[in-house]
Number of protein chains: 2
Amino acid sequence: MKKRITLKDIAQTFDVSIATVSKALKDSHEISAKTKTKIQEYAKQHHYKPNVTALHLLNKKTKTIGVVIPNILNTFFAKVFIGIEHIASQNGYHLVSCISNESFEKEVKTIDLLKHGHLDGIIISLAEETQLKQNFTHLKNTLNEGIPIVMFDRVSDELECDKVIVNDLEGAFHATNHLIKSGCKKVALISVIDNLSVGKLRVEGYRKALNQCNISIDERLIVRINKHEDFDTALKIILSDKSIDGLLCLEESAAVNALHLVKKMNYNIPEDLSIACFTNGKLLQHVTPSISAISQHGKHIGQTAVKMLIDRIENEANPKPFETKVVKTSLIERESTRRLH
Amino acid sequence: MKKRITLKDIAQTFDVSIATVSKALKDSHEISAKTKTKIQEYAKQHHYKPNVTALHLLNKKTKTIGVVIPNILNTFFAKVFIGIEHIASQNGYHLVSCISNESFEKEVKTIDLLKHGHLDGIIISLAEETQLKQNFTHLKNTLNEGIPIVMFDRVSDELECDKVIVNDLEGAFHATNHLIKSGCKKVALISVIDNLSVGKLRVEGYRKALNQCNISIDERLIVRINKHEDFDTALKIILSDKSIDGLLCLEESAAVNALHLVKKMNYNIPEDLSIACFTNGKLLQHVTPSISAISQHGKHIGQTAVKMLIDRIENEANPKPFETKVVKTSLIERESTRRLH
DNA sequence: CTGAAAGCGCTAACAC
DNA sequence: GTGTTAGCGCTTTCAG
């Protein structure tokens, strides 16, 4: 790297002390107007910029936030990221971003790398594997070392920190309710994310809706498919029960896959089968028919999370108690569900 | 932030000098086995980790790369990012990532923030507005200050640095060729990205293909639509020429929008109209019919870009001449184009 | 074997 | 007004 000009260099050219230069550039009243202008002009001409690393060392603050996201191709996480980035850059914070790729090992490594780094705080949504293993040592350690963490979406009760979560239970409740109210007699639930905290909450919401409608819960209608299973086969088995006329999918790709399959099976949608799902990605708008979705307001979640983190960082002197903010979902009705009359 | 343990702390507890501790932790042969073990054990127990900021200051290297991406919701850029992240983390580099959101101003601000930062290098794809303005001062300055830049996809000849580009011309050439060979007599081109370098190259490729097939170029078939125009209306006008039976869209969303429109107009696809487009995103696989795409191998581009950058950073002593690597595209045939017989 | 000292670039309290 | 000094946390010569 070409050497950048430092205070020392300037001090030497004018044969003054480094402190004088520093003060001159800060427009300190201690320095004579003459000295100030000559130093300031010289600095400007030579594009002097303070070395931020030196400042970091001095201030023990880096204005940098670590962001750990499971998968950036997932619309929801991408939107959250946009929200985070927006507010962070507005406040002069840098983002060091990492993708855990749903792997526990990568997440641990990442956190390790990050915390010995120069971070003022971390925003994270847990990797799937981490939620499965329920091993949070890496994060507990980080908190113990005094680095604030804000978790979002996929969180854990075991960690004492700020959190931003989606009201998954209510989201599933409303969607299920909508399916029933719009005429579905038998709603099945398809989960490929039963490992995730949010997956479990969504199942709760589904149950709550059925209960409230006085429909007895048939556990066989709650289908948990894991990654290594064949999705199509699993779905075909459940759909051999021809009386199923509603499908609540817990995330986007399951819904899209299901749609393709049932179209091949010559179902009419939404007449024979209604479909609704979580995460409002572009895909759902563009498939035929378009799929009704529960929006989790990703951008807003991201914004909320950074705000909480920055707040904690900048007020570490008198910390508030940890908070969990709940973001409401909204149901976006499309062609895959029938309208209420 | 809770104070982390430092060399100084350890030195004090054992009443030795800081230098001794530093050497002991590095397992230096200068230090007695006894001293080493006791210090190492103590350090481990107390989770000693060197303060990387101090090291940055010392080494004038931060193992951090800045990444500026126009839009993370765009599949192509997301994939590039994944590629970058993968290789970067493998090599122990952090990523400071920013979204320019296609805005010139944000890009300039970002670069400014980044370069006074602590970066060893920058990877960037230009914002649309930047390509439109053709103002690259911010990047030229950065290069002048000795910070290496690798540009990808949306690049500029005015900047002397390493680049990774897609063979856009050949990609468009092949796709157009495919449309013709599979029976299209009149292929129109839809560009919503005529501001971009890549957009222009793709048009070139289209022309080249027509030329090679001895089809005279009808400029009215090259449709440039800008963001503020109504896409549907523009498309309807061009499709009033009923003899058009092929459509080359320069990016994903235009293709999807076009598909929806022509389906409404009761075209049969691919029989009445074949469609191909750039950027192989998930959407294209899932719409009905699925759309043939030109894959740009985003992940590979990202990987190539970081590798070039890391190479340059770590061998700054003897720099190579700047290089431009060209990544080949591949055509992925789907239902929206006819098969060759 | 261990320590003192200098230095990375900067700031701030305190002298002069 | 300007300079000196110490210090942020660490490494690395060079003395002892």
Side-chain angles (χ1 to χ4, degrees), chain A residues 1-40 42-43 46-64 115-120 145-147, chain B residues 1-40 42-43 46-64 115-120 145-147:
Chain A
M1 213 189 294
K2 200 197 287 182
K3 197 179 165 255
R4 259 169 35 198
I5 189 174
T6 68
L7 290 187
K8 199 177 167 186
D9 299 329
I10 304 181
Q12 278 166 356
T13 44
F14 290 108
D15 209 24
V16 294
S17 76
I18 295 175
T20 307
V21 179
S22 172
K23 286 176 194 162
L25 292 178
K26 293 211 132 49
D27 225 359
S28 157
H29 56 270
E30 291 182 56
I31 307 293
S32 72
K34 222 177 61 187
T35 316
K36 277 201 285 198
T37 42
K38 87 179 170 194
I39 288 182
Q40 284 170 5
Y42 183 87
H46 292 260
H47 306 107
Y48 168 77
K49 294 287 166 186
N51 179 323
V52 289
T53 306
L55 294 178
H56 292 169
L57 185 56
L58 209 55
N59 302 330
K60 301 181 162 201
K61 277 263 153 54
T62 61
K63 284 258 185 186
T64 303
K115 80 175 177 196
H116 309 322
H118 36 200
L119 292 182
D120 294 347
E145 289 174 29
I147 301 173
Chain B
M1 216 188 293
K2 199 197 286 183
K3 196 177 167 257
R4 257 166 36 194
I5 188 173
T6 69
L7 290 188
K8 199 177 169 184
D9 299 330
I10 304 183
Q12 277 166 355
T13 45
F14 289 107
D15 208 24
V16 294
S17 76
I18 294 174
T20 305
V21 178
S22 171
K23 285 175 194 163
L25 292 177
K26 293 214 132 47
D27 224 358
S28 157
H29 56 271
E30 290 182 63
I31 307 293
S32 73
K34 223 176 63 189
T35 315
K36 279 201 286 197
T37 42
K38 86 179 172 197
I39 289 182
Q40 284 170 5
Y42 183 86
H46 292 259
H47 306 107
Y48 169 77
K49 294 289 166 185
N51 178 322
V52 291
T53 307
L55 295 178
H56 292 168
L57 185 56
L58 210 54
N59 303 330
K60 302 184 160 198
K61 279 265 152 54
T62 61
K63 284 260 185 181
T64 302
K115 81 177 178 198
H116 309 323
H118 37 199
L119 291 183
D120 293 346
E145 290 174 27
I147 301 174

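What you see below is based on every heavy atom in this structure, not just the backbone, and it leaves out hydrogens, waters and symmetry mates. Within every chain, numbering begins at 1; the chains are lettered A, B, ... in the order of the sequence lines, protein sequences first and strands thereafter.
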Tell me the interatomic distance from A:Asp27, atom CG, to D:dG1, atom P, rounded to whole angstroms. 14 Å

Can you check whether B:Thr35 has a side-chain N or O nearer than 4.0 Å to OP1 or OP2 of C:dT2? yes

Within the structure shown, what part of the strands sits under 4.0 Å from B:Tyr48 by heavy-atom distance: base, sugar-phosphate, or nothing? sugar-phosphate

Take atom CD1 of B:Ile31 and atom P of C:dT2, then tell me their distance rounded to the nearest Å. 5 Å

Distance below 4.0 Å between B:Lys34 side-chain N/O and C:dC1 OP1 or OP2: no

Report the residues that fulfil side chain to side chain donor-acceptor pair (under 3.5 Å) with B:Thr35, sequence neighbours left out, ordered by chain and then residue number. B:Ser32

Output yes when at least one side-chain N/O atom of A:Lys26 is less than 4.0 Å from OP1 or OP2 of C:dA12, else no. no

What is the distance, rounded to the nearest whole Å, between atom CD1 of A:Ile18 and atom P of C:dC8? 9 Å

Taking only side-chain N and O atoms of A:Ser17, does any of them lie within less than 4.0 angstrom of OP1 or OP2 on D:dG3? yes

Whole-Å distance, B:Ile5 CD1 to D:dC10 C1', equals 15 Å

Given C:dT2, D:dG9, D:dT2, identify the nucleotide with an atom nearest to the side chain of A:Ser32. D:dT2

Check for a donor-acceptor pair, side chain of B:Ser28 on one end and backbone N or O of B:Lys26 on the other, with a separation under 3.5 Å. no

First encountered from the 5' end of DNA chain C, between B:Leu58 and A:Leu58: B:Leu58

State whether the side chain of B:Asn59 and the backbone N or O of B:Lys61 hold a donor-acceptor pair below 3.5 Å, judged by distance alone. no

Using atom CG of A:Asp9 as one end and atom P of C:dC10 as the other, report the distance to the nearest whole Å. 9 Å

If you check the B:Ala19 side chain, which of C:dA5, D:dG3, C:dC10 turns out closest? C:dA5

Round to a whole Å and report the spacing from CG of B:Asn51 to C1' of D:dG9. 6 Å

Using a cut-off of less than 4.0 Å, is there contact between a side-chain N or O of A:Lys23 and OP1 or OP2 of D:dG3? no

Below the 4.0 Å mark, does C:dC1 have OP1 or OP2 next to a side-chain nitrogen or oxygen of B:Thr20? no

Return the value, rounded to whole Å, for the distance between atom CD of A:Glu30 and atom C1' of C:dC14. 10 Å

Using 0.5 Å steps for rounding, measure from the OG1 atom of A:Thr6 to the OH atom of A:Tyr48. 7.5 Å

Do B:His56 and A:His56 have ring centroids that are under 6.0 Å from one another? no

Using Watson-Crick and G-U wobble pairs with both distances under 3.5 Å, what is the 5'-to-3' dot-bracket string of DNA chain D, with [ ] for crossing pairs and | for pairs outside the strand? ||||||||||||||||

Using atom types as modelled and distance alone, determine if a side-chain donor or acceptor of A:Gln40 lies under 3.5 Å from a backbone N or O of A:Ala24. yes

Whole-Å distance, A:Gln12 CD to C:dC10 P, equals 12 Å

Has the side chain of B:Lys23 got a donor or acceptor atom that lies under 3.5 Å from a matching backbone atom of B:Ile31? no

Would you classify A:Leu55 as touching base, sugar-phosphate or nothing, given that sugar-phosphate means primed atoms plus P, OP1 and OP2, and contacts are heavy atoms under 4.0 Å? sugar-phosphate

Between A:Thr53 and B:Leu57, is there a donor-acceptor pair closer than 3.5 Å when you use the side chain of the first and the backbone of the second? no

Please check the phosphate of C:dT11 (OP1 and OP2 only) for any side-chain N or O of A:Ser22 closer than 4.0 Å. yes

Considering just the side-chain nitrogens and oxygens of A:Thr53, establish if one lies under 4.0 Å of OP1 or OP2 belonging to C:dG9. no

